[in-house]
There are 2 protein chains.
Amino acid sequence: MAGTRRRGAGRGRPTLEEVAARAGVGRGTVSRVINGSPRVSDRTRVAVQRAVAELGYVPNRVARALAADRADAVALVIPEPETRLFAEPYFSDIIRGVGAGLADTDLQLLLTLIRTPKERQRFADYLAAHRVDGVLLVSVHADDPLPDLLERIEIPAVLSGRRSAHESVAYVDSDNTGGARAAVAHLVERGRTTVATITGPLDMYVAQCRVDGYRDALRAAGREVDPALAVAADFTEEGGRRAMRELLARRPDLDAVFAASDVMAAGARQVLREQGRRVPEDVALVGFEDSAVARHMDPPLTSVRQATEEMGRAMARVLLEEIEGGAGRTAVPPRLVLPTELVARASS
Amino acid sequence: MAGTRRRGAGRGRPTLEEVAARAGVGRGTVSRVINGSPRVSDRTRVAVQRAVAELGYVPNRVARALAADRADAVALVIPEPETRLFAEPYFSDIIRGVGAGLADTDLQLLLTLIRTPKERQRFADYLAAHRVDGVLLVSVHADDPLPDLLERIEIPAVLSGRRSAHESVAYVDSDNTGGARAAVAHLVERGRTTVATITGPLDMYVAQCRVDGYRDALRAAGREVDPALAVAADFTEEGGRRAMRELLARRPDLDAVFAASDVMAAGARQVLREQGRRVPEDVALVGFEDSAVARHMDPPLTSVRQATEEMGRAMARVLLEEIEGGAGRTAVPPRLVLPTELVARASS
DNA sequence: GATCAATCTGGGAGCGCTCCCACACTGTCT
DNA sequence: AGACAGTGTGGGAGCGCTCCCAGATTGATC
C-alpha cells in the first residue's frame, strides 16, 4: 500500500532558510552553526542561536540525510528464527546496551527482524536504499549469509559473537571459554569427581568455545576428559532433557553437570528430579547466561554471567568508530571479548 | 576491499532518472510504475520494469521521504524505567507482532527507548523533525505525558493498554477484567473458599481491571468480597513477597491466591514455601500473563494468557489505518480489546 | 473530417538540507 | 602603497524523489 498523502503535518514548520532570514544571515551560516562548525564568529553564532530558539527550529533530518548522503540511523538485526533469543533477557540487554551506547549520538536505532529469506532480501534492499549507516547483527549462525553480504557491500557492521575463530567482520563477544572454564573449575573445587556437560549445537562457535572451556578446566585439574560425559543439545529445554537422560544412561555415577545454557540446565533439572537425583546433593548443576530462568529455578542455578548489556554498549561503540573511521580504515576489523563471571548459587 | 568508502558507496547507484533514460520514458512515468499507479499503459510499464531489473534499481527512500513529506517509518516507544517489561516475553511478543503487522508494508520499525525526561525531549524532537509517520506506545502509565503530547501534535498513535476507562488515544488492550474473572472463577470451581488477591499498583488501569474481574467472579459465585483479602503490590517479585506475607498475616485461613502478574505470583510462592504452605494442596495459586516464569515455577503456575503477539499485530493494523486515514479523521479513535485465556497448570 | 473527452506522458518545480566556491573583509608583511 | 594570507560569509548547485500541470495521443461521436 503506497500510502496516501499525509498532508502538511510537518510542512509549515520553520526551515533553515527562515532561520537565516530572521537572523539576517545566509543559509550556509545557519547550517554551520547548527552543525557546530568553528568557522563562525561568536556574534553571528549567537544571533543564529537566538533565531533558532525564537522560531523553535528543528532541523529536518530527512533533508539532511538526503543532502549529506547519510542516514543517521543504524540497524540492529535480529534473526527471528532464533525465537529463543527473544524469550531471554540476552536480547533485551543487548538492546538496552546498544541504546545506551547510541544515546548521545544523533543516530537512530532501527530494529529489524529477519525471519525469512524474503525478509532478508527486503533488508538487503534497505541497505541499498541507503537507509542506514551501519549494521549491528545479533546472534550469528555459522551459516548466516548476512555477514558476508555486509562485507561485500562494505557497510560498517558489528556482530555479537562470531562465526568462527577467524571472524572477518568486526565483533564483540564474551569470553565463553573462560566462563566455561570457571564453571567447571568451580565444580571440581567443590569436590565433584565426574563432571558431565550438555553442549550447544557444535556447529555454533559459541558452543564450541564452551566445550573447550570445559575440557581446559578438567585438564588443568589433572582430570581425564571422557567423551562419554559430553552430549550435544540445541540450547532448548527439551534438548536439555534429552541430553540429561542420555548422560544418566551412559554414566549413572555422574555427580555434576555443566550445561552450556540456563535453559538446557532447566531441562536437565527436570530429568534429575524425575529420576530422583537431588540437586545439589547428588548432582551439582551449573548453567550459562545467568538469565532470569537461573534465578527462578529450584534450587537457584549457579550460572556464568555475561556482561550482555556491556556487550551492546561495546557494539555501539565499535560501530561508531567504524562509521567515523570513514575512508582510511584499518585492515583488521575491531574485535572485543568481554569477561564473564561465575555466579554461585545453591545448585552447586 | 581497498578503495573508496561509504560516503558514496550509495552514490553511483542507479537513480530514477537513469531508469527513465534506459526505458526511454520520463521520470514521472517511472515514478508512477514504481508506485503502482494505474495510469500507465501496459507497454510502458513493462519497459520500465525491465529497465529497473536490468539496472538493479532500488528507490532511495530518503529522497522519497523528503519529496513526499512522509517518513516511511513508525516508532515503537518503550518507556524504559519499566524494566520489568523487558525481562518478560510480553515486550518481545509485542515487537514480534508489530513486526509481523508491518511486514508487507513499506514502513520501517523504529525502536525507541525512553528512560529519562531528556530522552523524551529528544523523541519529541524526532517527531518534530518529521522522522516518523506514526507512533506505537507500549505500557502506558496513567501519568505518562507522552500520549497527550502525541495527541497535541496530531500524529497517528496507538497505545498498548489504556490509561483509563475513557482513553482518548487509539489503543489495543487485552481483556484484563475477563481474564481475572476466569482465573478466580476457576479457583472457586475447584472448591476454594477463601480466595485472596495480590493486585498491581492501583493507579494503573490494568491493575484496576484485574481487581474488578476478581470481584466480579466472587460476586457471580455468590461470595462476599472481603477487602482484607486484597493487597496491592507493584508487579515486582519483592512486592509479591511482601503482599503474600501481609495476606497470610491477615487471613491465615486463605486457601487460594490470584496474583495480578506471574512475577508477583513467583514472589508469593516463595513466601508460601517459607511458611510451610504447600501449593496447590494448601493454597492454590494463579498468575497473570503466562510468561516463561509461569512455566518454570515449581509447580508450574496456572496463569491467564494474553494474546500479546496478536496485540502487537493489531496495534500495527490500527496504526496503519490511522495513517492511511490522513487528515479527516473520525472523532472516535479506534479501540480494540483482545480476549484472554486461562491456562491451567499444577498450581491450582 | 472535425470535436471533445478520456487517457497517458514528459518534465518543471520544488522538498530542506549540505557542500563548496567565490567573494568580502581583516590584518600583516614587503 | 600594494600584495597576500587568513577568516567569515553568502548563495548556487545539487541530493533523488514526488507532484502536478500542461501537452500529446487515442478513440468515440457528431
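Because the structure is predicted, anything quoted here is derived from the model rather than measured. Proteins get letters first, then strands, A, B, ... in listed order; numbering begins at 1 in each.
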Within this structure, what is the [atom1]-to-[atom2] distance between [X] and [N], rounded to whole angstrom?
| X | N | atom1 | atom2 | answer |
| --- | --- | --- | --- | --- |
| B/N60 | D/dG14 | CG | P | 18 Å |
| B/L55 | D/dG16 | CG | P | 14 Å |
| B/R13 | D/dC15 | CZ | C1' | 15 Å |
| B/L16 | C/dG14 | CG | P | 19 Å |
| B/R131 | C/dC15 | CZ | P | 20 Å |

With rounding to the nearest 0.5 angstrom, report the OH to CZ distance, A/Y57 to A/R22.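 Interatomic distance, A/Y57 OH to A/R22 CZ, rounded to 0.5 Å: 15.0 Å.
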What nucleotide, of D/dC15, C/dC19, D/dG16, holds the atom closest to the side chain of B/A63?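 Selected nucleotide (nearest to the side chain): D/dG16.
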Donor-acceptor pair, A/R335 side chain versus A/D173 backbone, under 3.5 Å? no
Any donor-acceptor pair under 3.5 Å from A/N35 side chain to A/S37 backbone: no
For DNA chain C, find the residues of residues 23-43 of chain A with a heavy-atom distance under 4.0 Å and give them by number; none if there aren't any.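 The answer is A/R27, A/S31, A/N35.
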Check A/R313 with A/D93, please: is the shortest side-chain N to carboxylate O separation under 4.0 Å?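 No salt bridge links A/D93 with A/R313.
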Taking NZ, NE, NH1 and NH2 as the nitrogens, is one of them in A/R317 or A/E321 under 4.0 Å from a carboxylate oxygen of the other? no
Can A/L159 and A/V172 be said to form a side-chain contact (heavy atoms from CB on, under 4.5 Å), step by step? CA-CA 6 Å; A/L159 313 181; A/V172 174; over 6 Å; no
Only one of B/V98, B/L76, B/L136 forms a side-chain contact (heavy atoms from CB on, under 4.5 Å) with B/L111, so which one is it?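 That would be B/L76.
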Without hydrogens or angle criteria, can the side chains of A/R162 and A/Y171 be said to hold a donor-acceptor pair below 3.5 Å? yes
End-to-end bend of the helix from C/dG1-D/dC30 to C/dT30-D/dA1 (five-pair axes, 10° rounding)?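 Answer rounded to 10°: the end axes differ by 70°.
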